[in-house]
Every structure is written in C-alpha cells, then in structure tokens.
Amino acid sequence: MSDPAARRMPSPDHAVTQSPLEDWLRWLEGVHPQEIDLGLARISAVADRLGLRDVGMPIITVAGTNGKGSTVACLEAMYTAAGQQPGSYTSPHILRYNERIRIGGVPVDDALILAAFEAIEAARAEITLTYFEFATLAAAWCFRARHAAPWILEVGLGGRLDATNCFDADLAVVTAIDLDHMEWLGDNREAIAGEKMGIARPGRPVVCSDPQPPRRIAELAEAIGAPLWQVGSHYDLTAADACWNWRHASQALDDLPRPAWLPDAALTNAAGAVMAVRGAHADLALDEAALRAGLARAQLAGRQERVSAPDGDWLLDVGHNPAAIALLADRLATHRHQGQVRLAFALMARKPLEPLITQLHPGVTEWFVLDVDDPASHSAEAVTAALHAIGAEVVGSGDAADARRVLGSRWQSGDLNVAAGSFRVVEAFMRTQESACNTSGPVGHLGLD
C-alpha cells in the first residue's frame with residue numbers, strides 16, 4: 001500500500017516529535033479536496049469493499065444539535081456496566097485522536113487505529129475520503145476487529161448525509177434540535193429535524209429526547225413505520241437535587257443516579273438513553289442494575305466539567321450554540337449567588353458573537369478574552385470590542401496560560417472560574433495542565449453538530 005509518510009514526508013524536526021499516528025492524521029487533512037463534503041457514496045463504497053456494513057452487530061446512531069455526547073456517554077456507561085463491550089464513536093476529540101474511538105469506555109490504542117488506516121487506504125484506491133469519513137471507517141474497522149457490541153455512533157453533522165449514516169441503525173436516537181449549521185441543514189428547526197431523522201430506518205424504533213420536538217420528527221417516523229418514543233408523551237422524567245426519576249407507561253425508576261455534569265435542562269439526554277435500553281428495542285435492553293451502575297459511572301469530558309486546581313475551581317464547557325450557551329448561562333447566573341464568576345472565552349467565527357455573549361453576560365462578573373490562535377475563530381479584538389459594547393468588564397486577553405494566571409490570581413473561596421465557548425477553548429485549557437499527543441487534526445467544526 002502507499003505510505004502517507006512517504007507522500008508527505010515530515011521535516012527532520014517533526015520526525016523527532018511526531019508519532020506514526022500523527023503523521024497519518026496530518027496527511028488525512030489533505031487527502032480530500034474539501035474538509036466537509038456531505039454524502040454517502042464515497043464512504044459506502046469503501047465500507048463495502050472492507051465488508052464493514054454486514055458485521056451482524058446491533059447499531060445505535062445518535063443525532064441532534066445538543067445532547068448527543070451526553071446520550072452516548074450514558075449509553076456507553078450502561079452497556080459497559082452490563083459487562084458488554086460497546087464500541088463508541090464520537091467527535092471531535094479534545095486532546096487525543098484516540099478519544100474518538102472507544103471500546104468498553106476505553107480509547108483504543110495507536111496500533112489498532114494504524115491498522116485500520118492502512119486497511120482503509122488499501123481499500124479506497126481511487127476514492128478520496130474526508131477526514132471524518134476516514135475516522136468513521138476506522139471506528140467501524142476497530143469495532144469489528146475487537147468484536148465490540150453494540151456500536152454507538154454519534155453523528156458528526158446533520159444525519160441524512162453524515163458519514164455515520166452509511167451504517168443502518170437498529171435504534172435511532174434524536175436529541176434536542178436547535179439552529180446550527182444552517183448553511184448545510186436548513187434555516188429552521190423543521191428542516192433541520194428532517195436532516196437528523198435521516199438516520200431512522202423503516203420499522204426500526206426512534207427515541208426522541210427533544211422536549212419540544214419539531215413536528216417533522218413524528219411525521220417522518222409515521223411515514224416510514226418507525227415506532228416513536230417521545231419524551232413527554234411516551235416517557236418522562238422529574239429532577240431532584242441528587243437524583244432523578246424516570247417514568248414509562250409500564251415501569252417507573254426512582255432515585256436514579258444523576259451524572260454531575262448534567263443540569264436539569266439536559267437530563268432529557270439521560271432519559272432518552274434510559275428509554276433506549278428499557279423498552280425501545282428488545283435486543284438492546286438492559287436490566288435495572290446495569291442501568292443504575294452505568295448512570296453512576298458515566299463521564300463526559302468538557303461538558304460542564306468541574307475541576308479543582310491550585311488556581312481555584314474551574315468549570316469547563318464546550319457548548320457553542322444558543323441552546324448549549326443557555327444551559328451554561330443558567331448555571332453561571334445561579335453561581336452568582338455564591339461568589340464571583342470569571343469567564344475565559346473564545347468563539348468560532350461561524351457562531352454569532354453578540355447574541356451568545358449577551359446570553360452569558362448576566363452571570364459573568366469578569367471576562368478574559370482567550371486567543372486560541374485559530375483563523376476560524378473570532379479575533380480577540382472583535383470579542384473585546386463586543387464585550388465592551390454590552391458593558392462587560394474585561395480583565396485581560398491572551399492564551400490559556402495567561403487566563404489561568406490572571407483569573408487564578410483573582411479567585412477567592414466561593415468563586416468560579418470558567419473556560420468556555422468551544423472545543424478549542426477546553427482543549428487549550430487542558431493543555432496547560434497535561435501533555436497530550438496525537439493532537440493533529442481539526443477540532444473546529446468536525447462533529448460539532
């Protein structure tokens with residue numbers, strides 16, 4: 001097979017520091033002429049050449065604007081607690097590419113990913129693949145090689161034309177729908193819901209955890225004869241401080257463990273995951289013990305993640321669209337009753353700056369404008385100007401190390417320092433406290449649906 005390192009030989013300096021996986025990832029960034037090129041023809045052809053679409057393993061595909069990561073995390077933890085080896089595919093990664101492909105909750109090692117890449121490269125021949133298509137096929141290859149089951153696939157962008165949709169879902173989960181990626185998916189929730197519902201298959205169940213579902217979801221489910229389990233209609237939940245309750249017509253689960261990173265408004269994601277394993281599909285069902293154990297262990301990096309450090313308590317959040325920012329804004333406004341809130345913030349340029357900082361402003365005492373050194377982000381100057389325009393107090397600007405130094409020096413007991421606005425923000429913050437590898441590859445909008 002052709003060697004990507006030979007086609008794009010790293011410089012002598014890189015050769016000292018880069019791993020074979022990092023060389024592959026850098027090469028993959030340029031193998032296809034477009035970074036985003038929606039469609040199933042290319043990936044389906046290569047998947048068929050590799051025999052990846054007929055492996056006999058049950059597949060759960062999760063689409064939606066917000067809550068996909070939380071839903072996958074809950075499903076993964078519950079199946080792992082049941083003694084199974086679920087294969088979970090998510091995007092993007094924060095520190096290491098391996099985070100995207102997990103078996104039994106553990107990222108696969110470099111050697112397995114390299115073997116997958118080599119097999120895909122040999123099979124694709126004349127077909128070019130995007131970075132995300134290559135990653136999706138690599139996940140499926142790794143899952144088959146390690147006999148992972150079930151497969152839990154998080155949609156990257158949309159659903160109908162997303163690379164993950166080349167695999168037929170036995171169970172489709174659709175989380176909350178919001179206005180995002182409108183240049184690809186449509187300019188209203190109904191149109192976007194139609195794209196998300198592209199993962200549904202005739203006669204196979206759909207779980208919807210959007211508490212205000214667009215009509216299109218039920219219409220399309222009925223049109224293809226897919227049984228629909230809708231939160232608020234077919235199942236429901238109530239939240240308490242340290243636990244929550246789940247209800248279905250034939251069963252009730254009380255005092256369920258509550259993942260610490262799920263605020264009340266996002267508990268519908270856990271409820272959807274519970275519906276998926278408690279009646280939506282008989283072949284994917286789990287007993288109550290596994291469900292409870294899994295919810296107690298579920299983890300999700302970077303989603304309202306609370307960390308303690310010498311420079312104070314920090315909250316990390318990758319939320320970057322209006323609904324996700326609204327969840328964060330509520331949490332910050334609540335904390336203002338306990339202490340000061342300081343926010344290190346940056347945002348990708350394709351996101352509307354003024355509306356999002358206006359949402360956050362009431363809950364933030366002081367702002368630090370984070371420079372993530374990415375041409376796809378709003379410039380630090382633009383963010384600073386927008387903050388001044390709404391009367392916000394800006395106490396500094398710079399990189400993540402600068403943010404930790406400035407905000408850490410101002411922290412007092414009861415205060416909360418926050419790093420938020422995108423995956424790039426959380427990545428930059430995490431890099432200030434631990435060394436990472438396999439970081440090549442765009443974090444940006446690959447999979448930020």
**Q.** Derivation of the side chain to side chain contact (heavy atoms under 4.5 Å, CB included) call for V108 and I113
**A.** CA-CA 7 Å; V108 299; I113 296 174; 3.6 Å; yes

Q: List the steps and the verdict of side chain to side chain contact (heavy atoms under 4.5 Å, CB included) for V173 and T61.
A: CA-CA 6 Å; V173 180; T61 304; over 6 Å; no

**Q.** Worked verdict on L328 versus L332 for side chain to side chain contact (heavy atoms under 4.5 Å, CB included)
**A.** CA-CA 6 Å; L328 177 63; L332 300 188; 4.0 Å; yes

**Q.** side chain to side chain contact (heavy atoms under 4.5 Å, CB included) evaluation trace for F143 with I101
**A.** CA-CA 9 Å; F143 297 161; I101 306 172; 3.8 Å; yes

Q. Do D109 and N98 pass the side chain to side chain donor-acceptor pair (under 3.5 Å) test, and can you show the C-alpha distance, the side-chain angles, and the key distance before you say yes or no?
A. CA-CA 7 Å; D109 59 30; N98 310 58; over 6 Å; no

Q.
Applying salt bridge (charged side-chain N to carboxylate O under 4.0 Å, His left out) to D317 and R306, what does each step give before you reach the verdict?
A. CA-CA 9 Å; D317 191 63; R306 189 76 175 257; over 6 Å; no

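The closest donor-acceptor contact from the side chain of R146 to the backbone of I103 lies at 3.5 Å or more, if one exists at all. Looking only at distances, no side-chain donor or acceptor of S70 sits under 3.5 Å from a matching main-chain atom of G67. A donor-acceptor pair under 3.5 Å links the side-chain atoms of K68 to the main chain of G64, judged by distance alone. Put simply, the side chain of E133 gets close to the backbone of T130: a donor and an acceptor are under 3.5 Å apart. At distances below 3.5 Å, at least one donor-acceptor pair connects side-chain atoms of N269 with backbone N or O atoms of A266. A donor-acceptor pair is defined here as one N or O able to donate and one able to accept, closer than 3.5 Å; such a pair exists between the side chain of D170 and the backbone of I59. The main-chain N or O of H93 is never found under 3.5 Å from a side-chain atom of R96 such that the two would form a donor-acceptor pair. In this structure, the side chain of S88 does not engage the main chain of R102 through any donor-acceptor pair within 3.5 Å. Side chain of D415 to backbone of Q340: a donor-acceptor contact under 3.5 angstrom is found. Within the 3.5 Å criterion, the main-chain N or O of R215 finds a donor-acceptor partner in the side chain of E190.
Below 30°, between 30° and 60°, or above 60°: for W24 and W27 the angle between ring planes is above 60°, a perpendicular geometry. Note on ring orientation: taking the six-membered ring where Trp is involved, the planes of H234 and W229 are perpendicular (angle over 60°, cut-offs 30° and 60°).
The line from CG of L114 to OG of S19 is 7.5 Å long, rounded to the nearest 0.5 Å. E154 contributes atom CD, which lies 10.0 Å from atom CZ of R100 (distance to the nearest 0.5 angstrom). Note: T432 OG1 to R405 CZ = 11.5 Å, rounded to the nearest 0.5 Å. Here OH of Y79 is found 15.0 Å from CH2 of W151. Values are rounded to the nearest 0.5 Å. For the atom pair CE (M348) and CG (L353), the distance works out to 11.5 Å, reported to the nearest 0.5 Å. Interatomic distance, SG of C208 versus CE of M197, reported as 8.0 Å (0.5 Å rounding).
Using a 4.5 Å heavy-atom cutoff, the side chains of P58 and D283 are not in contact. You'll find the side chain of L253 stays beyond 4.5 Å of the side chain of R247, heavy atoms only. For the pair L387 and V369, the minimum side-chain heavy-atom distance is below 4.5 Å. Residues V207 and V174 fail the side-chain proximity criterion, which asks for heavy atoms closer than 4.5 Å. The shortest side-chain heavy-atom distance between W314 and L407 falls under the 4.5 Å cut-off. Residues H248 and R278 are not in side-chain contact: their nearest non-hydrogen atoms beyond the backbone lie 4.5 Å or more apart. Between M430 and L316, the closest side-chain pair of non-hydrogen atoms falls below 4.5 Å. Using a 4.5 Å heavy-atom threshold, the side chains of T65 and T175 count as separate.
Ring to ring, F134 and Y97 are not that close: their centroids are 6.0 angstrom or more apart.
When all heavy atoms of A221 and L228 are compared, the closest pair comes out as CB-CB, 4.1 Å. In terms of heavy-atom proximity, L295 sits nearest to C74 at CD2-SG, 4.0 Å. Among all heavy-atom pairs drawn from A81 and A290, the shortest one is CB-O, 3.6 Å. Across all non-hydrogen atoms, the minimal contact from I199 to A63 is CD1-CB, 3.7 Å. Scanning both residues, A145 and L112, for their nearest heavy atoms gives CB-CD1, 4.3 Å. Considering all non-hydrogen atoms of both residues, S209 and G272 come closest at CB-CA, 4.2 Å.
Between R431 and D399, none of the side-chain N atoms (NZ, or NE/NH1/NH2) sits under 4.0 Å from a carboxylate O, so this pair counts as no salt bridge. Residues D210 and R189 are paired through a salt bridge, judged by an N-O separation under 4.0 Å between the basic side chain and the carboxylate. Ion pairing between a basic and an acidic side chain is recognised when a charged N comes within 4.0 Å of a carboxylate O; E427 and R424 show such pairing. Salt bridge annotation for R342-E366: present, with a cationic side-chain nitrogen under 4.0 angstrom from a carboxylate oxygen.
Every pair passing side chain to side chain donor-acceptor pair (under 3.5 Å) that includes a residue from residues 285-301 is listed here, sequence neighbours excluded: E288-R292. The side chain to side chain donor-acceptor pair (under 3.5 Å) pairs that include a residue from residues 157-169 are R160-E195, D162-T164, N165-R201, D168-R201, where partners are two or more places apart or lie in different chains.
Each of D236, T238, L237 was compared with N245 under the side-chain contact (heavy atoms from CB on, under 4.5 Å) criterion, and only T238 meets it. Each of L153, I152, V72 was compared with Y89 under the side-chain contact (heavy atoms from CB on, under 4.5 Å) criterion, and only L153 meets it. The side-chain contact (heavy atoms from CB on, under 4.5 Å) test with W367 is passed by exactly one of V395, I357, V418: I357.
No more than 12 heavy atoms of other residues, nucleotides or ligands sit less than 6.0 Å from atom CD of Q212.
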